[in-house]
Every structure is written in C-alpha cells, then in structure tokens.
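Please read the structure below before turning to the comments.
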Amino acid sequence: MKLNHIKYIVLAAGLSFAGCKRVLDLQPTDKVTADAIFGDPAGVKIYMANLYYQLPIEDFAFFRAGFNQNGGDPNNGGFSPAMETDEAVHTEFGDFVGDGDFHWWDQGYKLIRDVNLLIDYIPTLKIRDDERAALKGESAFIKAFAYFALVKRYGGVPLMKKSQVYTGDAEALKVPRSTEKETWDYVMELCDEAIANLAATKGSRRASKYAAYALKSRAALHAASLAKFGNRITLTGPAVDQKLVGLDASAANGYYKLAIDASAAIISSNQLSLYKPNPTDPAQAAENYRELFQDPNVANDNEAILIKGYSLPGNNLGHNYDIWYQPAQVANGWPHPGRMNPTLDLADVYESYTAPGASAPIVTRTDGNVTDYNGFNSGTSYLQFDTPNDIFKNKDARLWATAILPSTNWKNISIIIQAGFVKPDGNAVIRTKDQITVSGTTYYSYGAPDVTMYSGFDTYGGNNTRTGFSFKKFMNQTKPIEAGWNRSTSDWVEFRYAEVLLNYAEAVIESGQGDAVLAAKVLNDIRHRAGHTTNIPLTADNVQRERRVELAFENKRLWDLIRRREFHTEFNNRFLHSLLPLQDLRALPAKKYIFVRVNVPNSGSKTFQPKSYYRYVPGIGSNGLVQNPQY
C-alpha cells in the first residue's frame, strides 16, 4: 500500500449531539463514523494508510516548515534541510536555522491521538490473531516514530499513552511534560512492542520487524549521543532543573547497548544485505549507488527496509526534487532549476582511493595549500588539468554518484560548470559574463555562449550553481524534467541496511560494547560497496566520515550535528566553500583548467545558537508547559 495514496479521513467520533431531531440528528454525509471505519477491516486499512501518511518521514517533501510540504503550490524556494548543514547551499539564499524551523508539535499530537483511537478499537475488530498482532505492532511503531520526532526536537514531552476523553473539564486534559529520559525510554518501549508483534517481512512499505529494529537502532543511538556529549553545551533554567531537557552521562552506555542489540538483530538475521556489494571498479560502484536512490525498489529484497512511495504525480502525491535540483542545462523549460549546490566542504570529505582512511581535500595548488580561500592570485602556482573533472580523479565513487561534477555527462549532456577564465595576459575574469577570441577561437567565461548552455556561476534566474557542484543523488536520469509542481515520483527509502551498519559501528566504538571485529567489518563492507579495497580501522573519526558520505542528503547530517552536540562548534562564524573551475588560456594552444578554492560567493558566515538544540514548546500560554531554555 502506497503511504500517500489515501486521502485524509475525518472521524466523527464524539460529534453526536442531543437535541433537535430534525436538524442535529441528521448524520453528516461528508464524514465517516468511527464504528463504520473500525468495524470493517477494509476501513482499518484505509485508516492505517492515513496514519502512515502523517508519519514524520524526513523525505523529499520535508522542509523547514514541516512534513508533506507538497500540497497546492509548494513554492518554498527550493530549500532543503541539507542547506542548514555543511552539505549544500541554496543557489541564491543563505539563511540558517531559525526558531520557527523544523517544528512538529500539533501535527505530532494529532497523529498520536489518531493512533490511540485505533488502539482502542483493535481488541474489538473481527480479524485473525496474526492480523490483530500486526495492527498492534504497526500502531506501536507509528507511535514510537512520532515520539522520536517529538523528543529529538523538544526533549521531554507529555506522554499520551491512551486516548483522552473530554468530560467538560479542559484542565483535566492537560498533561505535564515527562523528563527527556522518560520520553526516550517510552520510545524504546514502543519499539519493543512493535518488534514483538510485527512479522519479519522484507521489501514492505508498511512497518515490519526489521523496520522496528531499525527505528530502535536510530533512536537509541540518538539518545546515547545526547547523554555522552550533552556536556559539550551548557543550558540553564527550569526545563534543565526538572530534567525536561538533557540526559545524564550515565545513561549513555545503556542506550548504546540498545542501539547495538537492535542493529545486531538485523545483521544476525542474515535476511538483509547491501545492494550490489561487490562492484568491479569505482565506475560501477558509482552507478550502483546512484541506482539505489533513483529507485530504491531495486533493493527491495536486500538493502531497503522501509520505503515511502511516490507513484502518482500531483498535489500531495508527487514531489519536486527533479524540478528544483537538476542542473540548469536539463531544465526543459522549468524556470527554477539547479538550487541544490553541494559544497566543497562536503566534497573534501570523500576519500581518495590512493590514500584511503582519511578525507582527501581537493588540491588545487602545487604547494598543496587547501586552506586559502582568498580567490585567484596570478602569483600562485596552480595545478593544471586537462578536463574540468580531472581534479576529482580517484575520489570515492559516491561523490560521483551524489554530485554532478564539472563536465560530467548527465542525461546525455555534458554539464558545463565554469566560473571564468584566465586570459593569455594573466588577467582573470571570474563570475562575470565575458568572451575573448584568441587565434580565431572564441572562449566564454562561463564555458558556453548562452545561459541555456551552461549550469554554473551566472546569477541569471538564480539557477546556476555557485559552489562548482550540482546535484545528482535521487535525481531520475531516465526521465526529462516535467515543468510543473509535484511531477516527480521517485520513492524514498526511510530505513536502509547501510544506516543500520553505521549505527552499529558507531555504538560499538563510542561505548566499547559489542563486537568490535564485526563493527570494523560492516564499516568496511560499506566502503567496499563504494569501490574501496583497503580496510580501515574502526575509529570514531572513520565512522563519522563514512556516515557523512554514505548518508549524504538523506537528512541525517542535521540530526547528527544535533545529537553529538557538534553544531555550535562546527558552525561558529563559519563560511562554506566553493570550487571555481577556470579555463587557463595562458596554456593555449593546450586546453587546460585550474581551480580556485573560495568562500561561497555572495554568502555570509553562519553561527548555530546553543538554544537551537531544542525547539521552543508552542502554546505554553494555554497548555501551561515548561518552556525550553532561552526561549
């Protein structure tokens, strides 16, 4: 069952009124009663589909304003959570994490209320025992997912373990916040209930035992990190004093153990594996990795654990990744392409096959300096390359599958990303439209004469990358762009085996528990799938680098920076960076390119405020809840 195919169902439970029989006793024709839904297994199936639709999956339609932001005219300007991290910048804009971003409070409690209504009815349904267990397991899974989304945003929250009944006293419905520890423990309890009741099926778009284990693995790792690294910041106030936010360091190993056990349960089942784990060479590895995200259904029998489907174009059905993020040259008439610009900071993290086990910053100069962002200097000795992508030779295959690099081929078009040229006299023209004719040949600063023929650096329409990279992961290579909203139908894989392996490796190295040999093996299994042949040791740095490249743009980086309390140190007046490809006309008649590392043009620095580790609690004036620190 596709998660997004079912329109919203409105319950009328509790809306019966005594009184006028001629008017108020009439049954509404636009609503369905609870008994009508829950009394029929088909109705339960429809209701369940709606619950899945509300699930806080951070997918193609997840933006700063929330989930499922693809109804009507979803013109959010082409932002994505990756642009709140060091993974990417927007083509035009550069704002950062704000107080109003990434909330999910009212929607979260609506979902929890809807699940509790279903749980009330499960014992009464005339269905088989295995179907009843499955519904019970799915309900627990959805509630665990919902509370995980709440606790990672707000800390401890009110726990609505059962349906509330309104008896005329609104005050009686108010539930205080539980501590953050109690809330995380409730997430674990719900995961266990889901695991106990769900079947071990593969390739499902509904929760399975493996999906429940994967959720527990992810959530427990998050809680463990908060406990271990919470002392990296200092927050004060009533919410801290009452332990509504924050976890004691002593809780870390307990949560790491839960993450290890949940991950190990999936690994030891031997039912899941990496998609195409043994490529013959890096080129094949890059293509395998790209395929996995163009259509995760290719991994239904191995790596994909839970998929959210997008099979029909249209409002609330399709999404907009292809129109927002394809390079400008393939826009096919759509006016706002190219908005996801992977950063040089991310590209630098990918390893080189010639020096495995460490990030390989892109070297542009003969002196090897990779920290000079002051722009082109005619007195600097730059490395010269024969093509605009020779500089990426030997870089990890996943970079080639995640970003469109200058002059690489995409949809049978050579994507031109050029920031300028250096004239034969040594003067440079950078990020300015210009041309020069030398010995009868005309050269263009952006690599081609017309804005429709290149994808970089020209500010026209805000459509051209300003980092030197365009976006590939999740993009559909086989279909032309459809000029219109919500026309993309590629599916999203929410849980996949590679993340579970990385969770296991991180929990083992951070806690010293579990099987270190197995943790090192699974870490290297992922790297071998990417074309690496040399094993690296299990270290915290190696695990974190591997997470950054393997899970790039899967909306994990934002939460990794939060849970490990690294955001405020990683983003402390920080500039992100671009790589400027320049044609070096000083080398004529030879065709040569040089590259310059710079701060992202037209962009300021970014600083993460420690209070932003938690979102503010909405509505405290009426709900009486304790507010989070510094709000």
Side-chain angles (χ1 to χ4, degrees), residues 1-5 49 52-53 55-62 134 137-138 141-142 144-145 191 194-195 198-219 262-279 285-311 318-319 321 397-398 401-402 472-478 488-504 522 525-526 528-530 546-547 549-556:
M1 173 170 51
K2 293 284 185 181
L3 305 188
N4 58 333
H5 286 179
Y52 275 103
Y53 178 72
L55 209 59
I57 292 178
E58 298 175 356
D59 66 339
F60 304 117
F62 170 63
E138 284 183 283
F141 174 84
I142 293 169
F145 210 125
C191 286
I195 291 166
L198 289 168
T201 55
K202 295 194 294 184
S204 176
R205 290 158 188 259
R206 296 177 67 163
S208 66
K209 191 181 296 292
Y210 300 126
Y213 273 127
L215 175 60
K216 187 176 182 182
S217 166
R218 182 188 292 175
S263 306
I266 296 178
I267 297 169
S268 63
S269 75
N270 295 317
Q271 295 299 304
L272 296 166
S273 59
L274 294 172
Y275 174 68
K276 295 187 176 179
N278 299 303
E287 181 61 12
N288 294 345
Y289 186 79
R290 189 196 66 78
E291 286 177 352
L292 178 59
F293 301 100
Q294 177 177 273
D295 180 8
N297 296 287
V298 299
N300 255 346
D301 196 44
N302 40 64
E303 183 160 349
I305 297 175
L306 181 69
I307 291 175
K308 179 177 177 178
Y310 281 92
S311 63
H319 60 84
Y321 257 45
R398 288 167 291 188
T402 299
K472 181 184 287 186
K473 194 172 181 177
F474 307 112
M475 299 292 96
N476 194 317
Q477 183 174 243
T478 63
S488 297
T489 55
S490 52
D491 292 343
W492 174 269
V493 56
E494 174 60 17
F495 291 110
R496 63 185 179 98
Y497 189 58
E499 183 199 348
V500 173
L501 300 184
L502 288 167
N503 293 347
Y504 184 80
V522 299
D525 285 348
I526 298 172
H528 290 169
R529 194 260 294 274
E546 191 62 28
R547 281 188 73 92
V549 301
E550 176 66 25
L551 305 179
F553 297 101
E554 296 179 45
N555 295 331
K556 302 296 185 296

inquiry  = Would Leu274 and Leu501 count as a side-chain contact (heavy atoms from CB on, under 4.5 Å) here? Give the steps.
reply    = CA-CA 10 Å; Leu274 294 172; Leu501 300 184; 4.1 Å; yes

side-chain contact (heavy atoms from CB on, under 4.5 Å) evaluation trace for Asn300 with Ile307 = CA-CA 9 Å; Asn300 255 346; Ile307 291 175; 3.4 Å; yes

key: Worked check of side-chain contact (heavy atoms from CB on, under 4.5 Å) between Glu499 and Ile305   = CA-CA 10 Å; Glu499 183 199 348; Ile305 297 175; over 6 Å; no

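Distance check: Ile57 CD1 to Glu494 CD gives 5.0 Å after rounding to the nearest 0.5 Å. The distance from atom CZ of Phe495 to atom CG of Leu272, rounded to the nearest 0.5 Å, is 13.0 Å. Between the CD atom in Glu546 and the CG atom in Leu551 there is a gap of 8.5 Å [rounded to 0.5 Å]. For the atom pair CG (Leu292) and CZ (Arg398), the distance works out to 12.0 Å, reported to the nearest 0.5 Å. Taking NZ of Lys308 as the start and CD of Glu58 as the end, the distance is 11.0 Å to the nearest 0.5 Å. In this structure, Ser311 OG and Arg205 CZ are separated by 7.5 Å, a value rounded to the nearest 0.5 Å.
Side-chain atoms of Pro56 and Phe145, non-hydrogen and from C-beta on, do get closer than 4.5 Å to each other. Side-chain contact check for Thr402 versus Phe293: every heavy-atom pair is 4.5 Å or farther apart. At least one side-chain heavy atom of Ile267 sits under 4.5 Å from a side-chain heavy atom of Tyr497. The shortest distance between side-chain heavy atoms of Tyr213 and Leu198 does not fall below 4.5 Å. A heavy-atom distance below 4.5 Å is found between the side chains of Tyr310 and Asp59. Using a 4.5 Å heavy-atom threshold, the side chains of Arg206 and Phe141 count as separate. Arg496 places a side-chain heavy atom less than 4.5 Å from the side chain of Glu554.
The side-chain hydrogen bond (donor to acceptor under 3.5 Å, both in side chains) test with Tyr275 is passed by exactly one of Glu291, Glu303, Arg529: Glu291. Tested against Asn503 for a side-chain hydrogen bond (donor to acceptor under 3.5 Å, both in side chains), the candidates Arg547, Arg218, Lys216 yield a single pass: Arg547.
Ion pairing between a basic and an acidic side chain is recognised when a charged N comes within 4.0 Å of a carboxylate O; Glu287 and Arg290 show such pairing.
The shortest non-hydrogen separation linking Ala286 to Ala401 is O-CB, 3.3 Å. For Ala207 against Leu306, the heavy-atom pair with the smallest separation is N-CD1, 4.2 Å. Ala498 and Ile526 make their closest contact through O-CD1, 3.6 Å (heavy atoms, listed as atom of the first residue, atom of the second, distance). Taking every heavy atom of both residues into account, Lys473 and Tyr289 meet most closely at NZ-OH, 2.8 Å. Minimum heavy-atom separation, Ser263 to Ser217: OG-OG, 2.8 Å. Ala530 and Ala397 make their closest contact through O-CB, 3.5 Å (heavy atoms, listed as atom of the first residue, atom of the second, distance).
In this structure, Lys209 contributes its side chain and Ala199 its backbone to no donor-acceptor pair below 3.5 Å.
No hydrogens or angles considered: nothing links the side chains of Thr201 and Ser208 as a donor-acceptor pair under 3.5 Å.
Between Phe553 and Phe474, the distance separating the two ring centers is not shorter than 6.0 angstrom.
Phe60 and His319 have parallel rings, their planes meeting at less than 30° on a 0 to 90° scale where 60° marks the start of perpendicular.
For Lys556, there are no side chain to side chain donor-acceptor pair (under 3.5 Å) partners two or more places apart in sequence or in a different chain.
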